[in-house]
Chemist: 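First the structure, then my questions, so here it is.
Along the sequence shown, residues are numbered consecutively beginning with 1. Predicted model, so just to flag it, every value in this text is computed and none were measured.
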Amino acid sequence: MTGRVRLPGGEQRKASQKRSRPATLSAAVLMPAILIGAGDRVRWSRHTEIVQRVVGDEADVRQDGRNTLWRLPVAQLTKVLD
């Protein structure tokens with residue numbers, strides 16, 4: 001290796017970029033989770049459903065008017081505020 005830092009595509013960096021330092025990692029900011037319980041309306045992907053029960057970090061979600069049941073991670077659900 002020649003010691004030259006190149007871009008991922010193999011091109012050389014511009015003169016103004018050669019002496020720049022990589023960004024430091026910032027600490028992740030954790031947002032408090034909104035508590036989701038049985039009977040709450042939640043949004044997942046493009047669907048809006050009702051939570052049937054919550055077990056640990058997973059929730060059983062039933063679609064309105066259908067007999068479809070999904071077991072989803074609570075982190076993927078967004079609570080719908082009425």
Chemist: Do Arg53 and Arg71 have side chains that approach each other closer than 4.5 Å (heavy atoms only, starting at C-beta)?
Modeler: yes
Chemist: Which residues pass the side chain to side chain contact (heavy atoms under 4.5 Å, CB included) test with Val54, not counting sequence neighbours?
Modeler: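 Expected list: Val51, Ala59, Val74.
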Chemist: Can you name the closest pair of heavy atoms from Leu77 and Val61 and give their distance?
Modeler: CD1-CG2, 4.2 Å
Chemist: Can you sort out the partners of Arg62 under salt bridge (charged side-chain N to carboxylate O under 4.0 Å, His left out), two or more places apart, ordered by chain and number?
Modeler: none
Chemist: State the CG-CD distance between Leu69 and Glu49, to the nearest 0.5 angstrom.
Modeler: 10.0 Å
Chemist: Not counting sequence neighbours, which residues clear side chain to side chain donor-acceptor pair (under 3.5 Å) with Thr78? List them please.
Modeler: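 Side chain to side chain donor-acceptor pair (under 3.5 Å) check on Thr78 returns nothing, list empty.
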Chemist: Show me the pairs that pass ring pair (Phe, Tyr, Trp, His ring centres under 6.0 Å) and involve residues 41-68, at least two apart or across chains.
Modeler: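 The answer is Trp44-His47, Trp44-Trp70, His47-Trp70.
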Chemist: Just how far is it from atom CZ of Arg41 to atom NZ of Lys79, taken to the nearest 0.5 Å?
Modeler: 12.5 Å
